[in-house]
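What follows is a single structure, written as structure tokens, with notes after it.
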Amino acid sequence: MTRSLTYVEALREGMRQEMERDETVFVMGEGVGLRGSAFKQTAGFYDQFGPERVRDTAISELAIAGAAVGAAISGMRPIADLMWIDFTTLACDQICNQAAKLHYVSNGQIKVPAVFRATTGHLRGQAAQHCGSWYAFYCNIPGLKVVLPSCPSDAKGLILSAIRDDGPVIYLEHKMLLNVREEVAEDLAPTPLGVAAIRREGADLTLVASGLMVPESLKAAREVEAEGVSVEVVDLRTLMPYDSECILRSFRKTGRLLVVDEGFRYCGLGSEIISLVIERAMDYMDDSPRQLTARHTTVPFSPPLEDCVFPNSRTIAAEIRDMFGLVKL
Amino acid sequence: MTRSLTYVEALREGMRQEMERDETVFVMGEGVGLRGSAFKQTAGFYDQFGPERVRDTAISELAIAGAAVGAAISGMRPIADLMWIDFTTLACDQICNQAAKLHYVSNGQIKVPAVFRATTGHLRGQAAQHCGSWYAFYCNIPGLKVVLPSCPSDAKGLILSAIRDDGPVIYLEHKMLLNVREEVAEDLAPTPLGVAAIRREGADLTLVASGLMVPESLKAAREVEAEGVSVEVVDLRTLMPYDSECILRSFRKTGRLLVVDEGFRYCGLGSEIISLVIERAMDYMDDSPRQLTARHTTVPFSPPLEDCVFPNSRTIAAEIRDMFGLVKL
Amino acid sequence: MNRKTKLALLEMMLRIRKTELRLAEIYRSGDLTGALHLYEGEEAIAAGVCAALNRDDFITSTHRGSGHCVARGMPLRTLIAEVYGKATGCCGGKGGHMHMFDVDAGIMGTTGIVGAGMPLATGLGLSIQLRKTSQVAVAFFSDGASNNGAFHESLNMAAVWKLPVLFVCENNGYATSVSARRSTSVTDIGVRGAGYGIPGVTVDGNRVDRVYQAASEAVRRARAGEGPTLIECQTYRIRGHYEGDDWWEYRDSAEVEEARRRDPIAFWQAALVEDGVLGEKTLDEMNARIDSDIEDAVQFAAASPLPEPEQAFVPAHPQPA
Amino acid sequence: MNRKTKLALLEMMLRIRKTELRLAEIYRSGDLTGALHLYEGEEAIAAGVCAALNRDDFITSTHRGSGHCVARGMPLRTLIAEVYGKATGCCGGKGGHMHMFDVDAGIMGTTGIVGAGMPLATGLGLSIQLRKTSQVAVAFFSDGASNNGAFHESLNMAAVWKLPVLFVCENNGYATSVSARRSTSVTDIGVRGAGYGIPGVTVDGNRVDRVYQAASEAVRRARAGEGPTLIECQTYRIRGHYEGDDWWEYRDSAEVEEARRRDPIAFWQAALVEDGVLGEKTLDEMNARIDSDIEDAVQFAAASPLPEPEQAFVPAHPQPA
Ligand SMILES: Cc1ncc(C[n+]2csc(CCOP(=O)(O)OP(=O)(O)O)c2C)c(N)n1
Ligand SMILES: Cc1ncc(C[n+]2csc(CCOP(=O)(O)OP(=O)(O)O)c2C)c(N)n1
Ligand SMILES: [Mg+2]
Ligand SMILES: [Mg+2]
């Protein structure tokens, strides 16, 4: 059965189903309990599962992450809500130095099936410390997986996989997508980790994106189609380990690459994907790969300033036109 | 006057000269005082400058970094020693969310002339939590500069610049270079930030490296020279903002690129430099750019395992031979 | 406390309250963007503490910071313009309500990272000690922040070095929806001072006289080189966590009503009337002054231009050519 | 305490001491790589605390962790082989001295990040509470770690949820070269318990009986659902921070000599002799048993193969194809 669900409802349903199915799954974080989280991600959980498995915490990011790791290595499957990826800076020691490493360094004695959730991306007026898309750091650290759904089905499908995975997974939720709606199956199969989705087939350009940049890119792709450019849109879904095969397959077909990323440029995901195709499929290249990322600045508050920072369908379309020497009609 | 100094002596001399010249400069960190730091970086400072300006701290990375920021925004020039880059995970909220942003978000009212020092790179047997080269994260964050000297002169020249700079600078010290010696001028001019150095001229390949990877690459370059490959070695010195002009100039000449990086691959510096040349100088490309980085694993303790993880002159030479279709003699 | 101070405290509380309520009104009208965390009901703390400071002292503040900014004398025009995201705001519209700076007023920033102001204030205190001035630094924070590692590390560092810092905990009972009861292991956060060998005092944060007194003593200690003080001011967050947060399963409205009855301004006003310090005329003049300042500031802010787009990249962050 | 326990405590302390000294000797011979932080002089803490635990309880440890591992019964063979980086080590040579795990012995890791074991132990306690077993979790850490945010956040969380956790602070007076006096704002770290509304006890960490007693009471509380306890055990770090750290401007050798006179093993041995519990024969047997175990382990470790290079990538970390 499918129903129309929003992204946040789909995420919530995924978590709920896993909590019903597996009693080792529990949720902890600032406000996940009585209030059901900052964006209602866990609305209703407190009543359904009780205070033991739906734990409001203090503002103690390091202990939240560390306690999740401690619980994970002893038989539980914690979901730790760190609220905004911007605040994971306070938790990242436990994520990067413990969660990521314990399985390896213990020579496989220990597993760390923990999910670290956080919202990511910009939202009007959230300004300097609430618009981070700092996943590049986590993608760099061996031992971590990072996912970012772009639609309700994946919001659900990826949380199912993240919870069931035996290693630590950083699950990111895009703040601008929370209320996007789509038909979602009640018995949806988990979205496999490490597998991208072609959201739109095309012949001329491989456009790689994730999160909010996927719908923005699709909009841009529809726009330029009328101008004769056929864009294939690859939704990464898993940022690490990303689906190199899917990207390369598409690139071998189109010979052109544009990575659209809401994160920053330097040592970011855009540079990473470009270097992938260059190192592995240069012979197929018809044109310089490009990236369109957030501009290299702290995120300003005022709307006209904020509007200059992040890619959107308009700037994406403009970039595509520029690649193909088109003039906007 | 020049004298033979080790890397750590040169760094120390740079800090000492700045502390003598400018009384707003001071040092804080775990063990910087009586003991003169883990690797004697501040040996003698406690006696010379006294406990006010040479401050032993508790193991409070977040407060060390935050107090450095607080001091920096009110007229001081702190040098905060965070010991190992691996521990900066505990301090990075203050580095990334405060130090990096305050100048911008205050609309220029505030300056943050703070230096965050940490050792980086591997050293025999330091294992999972003491071999980090996690600078890619800091390179990603707008507002930060990151430097990593490869030789004693730059150890001194870059610390002079880092201290005098009006923004936050992350100054990294490579543990394997600390005892490397070279002639260093007593009145050395600061090494400008953002300017790379050509350590060896060559016609066939642009090899970009930093820190320990520079001497390792030079060794490899000498080796393959006998086999007919002329390698130009670019020492980044500043990882952010890196010297794109120097890299591009060299690449336009050689048409080939190999980035050798001790950090991890994904969203790392290697991918970044590759994407730079691809986006900006593809017409000059004669061959697929490549990167040789640390392998994607937690760093193991045992020597034969550790030996598999990081690039060294042998693996660099092998990579170059592979690029040029050479067989090792 | 002399008459002038008494009246000044009242006027400052009123000024904060009216500014907050005016911002709430503007917010409801849809003219503002972003999250707005208001300070209604906690005015006695900002007013009481800041009255004990000098012009050149420093403060660091929180996401709920406009009250502190008003108390430190940030011009209402630049404050309100910043909330509007205007070019004339204290940060040219770059910061917004959660990131307000005014170096002239010693406001070293409101911040969006809970707890982050404490290490900064510690560093300001360190800088004061090193520069050998007689300034003090104040970190405002709330109960939620007192459970963060930043609190512990800052208090320990400030205590060891005897830094001139006031750690002012505005215990308003909640951190978003999480009551202090459910997240904070002690009832009186002041007791945590003992863990650092420093005075930890707990005062009624709705009594501006007591706050002022505690802050004055802490300032004296700080300036005398005796080190930091932890001052817990117990109060209550009357409004939602942010404007538009009307989703209140997590608390009883009875609790809020009860707290409203302990209004700090009503209390102080009554006390001053009783004292014979405050007459109707004085109060009317006070209100008129404040209302006109706020109106002026709102007009100014509303009429001010938005920043030009290219300002997004000024100041520029260092990046490769 | 019965005779058996008394002797077991002595034997365990001796076992730890002799293992540590043997490691020091091997280190000096140049056969080991990496940093080796030894535990000499602090044996009463690991022995006393672990004697109060059951086999299925958990511990997290520090960079100075081999003593805890011995006390928890990690086989000496796999322990010493790990320090040698051998394939037969408890982590196949991947971890080394600073990263030792033995899930069967409830050793959830020594760690190279100071303070990091406390959040982990809190999570182990949480898992115990959720799984409704009667286990407890112990976090060992030292004075230096008690100034880290991890301490504060962990104790607060454990206190609020009444988790079955023992926070055992081995106050050995130093964090590398930095004396507790110069970095820690209180003399008795036990007082910090009050900041979390939990018992904070300070005991002589060189008195194994007192440590055992304090730990037993804390374990009882934990198993009874009464929550965590902070136990400060005051001791002294006799050796350098790590082996080869002979660079001692930061302390007086007189201080070290004085501490050596308060040796926990000599004290307990004398007490047992006085008690009539320990005779020469028993002691000789004990020593012989330990010596032979250690010799066996060292032989085993030395003779074991190094791991094969391809083991560097096992277990594999997820990465793009
Ligand atoms: C480090 C961090 N964690 C979480 C948040 C999200 N958040 C914003 S305000 C808030 C509650 C703060 O509570 P408290 O410190 O008591 O301040 P109050 O809102 O009561 O003034 C939270 C959890 C944040 N901004 N920063
Ligand atoms: C987070 C972190 N900061 C700094 C270090 C470097 N370091 C290793 S051990 C140590 C001192 C630890 O002191 P303490 O906690 O008292 O333990 P002890 O050595 O006395 O057992 C330091 C600073 C580290 N490993 N981790
Ligand atoms: Mg609060
Ligand atoms: Mg210690």
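Note on naming: letters A, B, ... go to the chains in the order of the sequence lines (proteins, then strands), and numbering restarts at 1 for each one.
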Subject >> Interface residues of residues 288-297 of chain B facing chain A - non-hydrogen atoms under 4.5 Å apart >> reply: B:Ser288, B:Pro289, B:Arg290, B:Gln291, B:His296, B:Thr297
Original post:
Counting distance only, does the side-chain N/O of B:Asn140 pair as donor-acceptor with the main-chain N or O of A:Phe137 below 3.5 Å?
Top reply: no
Original post:
How would you list, in number order, the residues of residues 102-111 of chain A that have a heavy atom less than 4.5 Å from chain B?
Top reply: A:Tyr104, A:Val105
Original post:
Is it the side chain or the backbone of A:Ala91 that comes within 4.5 Å of chain B heavy atoms, both, or neither?
Top reply: neither
**OP:** With a 4.5 angstrom heavy-atom cut-off, could you sort out which part of A:Phe301 is near chain B: side chain, backbone, both or neither?
**Re:** neither
Subject >> For chain A, the option from B:Leu62, B:Ile274, B:Ile278 that forms the most heavy-atom pairs under 4.5 Å >> reply: B:Ile278
Subject >> Gap between atom CG of B:Asp287 and atom CE of A:Met282 - 0.5 Å precision >> reply: 6.0 Å
Subject >> Closest approach of A:Asn97 to B:Asp86 (non-hydrogen atoms, all atoms of both residues) >> reply: ND2-O, 3.0 Å
Subject >> Region of B:Arg265 in contact with chain A, defined by heavy-atom distances below 4.5 Å >> reply: both
**OP:** Return the option, out of A:Ala100, A:Cys96, A:Pro300, with the maximum number of heavy-atom pairs under 4.5 Å with chain B.
**Re:** A:Pro300
**OP:** Select one option (side chain, backbone, both, neither) describing which atoms of A:Ile141 are under 4.5 Å from chain B's heavy atoms.
**Re:** both
**OP:** Find the one option among B:Arg280, B:Met240, B:Glu61, B:Lys101 whose heavy-atom pairs under 4.5 Å with chain A are most numerous.
**Re:** B:Lys101
Original post:
If you round to the nearest 0.5 Å, how far is CD of A:Glu272 from SG of B:Cys267?
Top reply: 5.0 Å
**OP:** Please flag which part of B:Ala127 lies under 4.5 Å from any non-hydrogen atom of chain A: side chain, backbone, both or neither.
**Re:** neither
**OP:** Would you indicate whether A:Phe324, at its atom CZ, is surrounded by more than 12 heavy atoms from other residues, nucleotides or ligands within a distance under 6.0 Å?
**Re:** yes
Original post:
Among B:Tyr138, B:Phe87, B:Trp134, who wins on heavy-atom pairs under 4.5 Å with chain A?
Top reply: B:Trp134
Original post:
Where does B:Tyr135 contact chain A at under 4.5 Å (heavy atoms): side chain, backbone, both or neither?
Top reply: neither
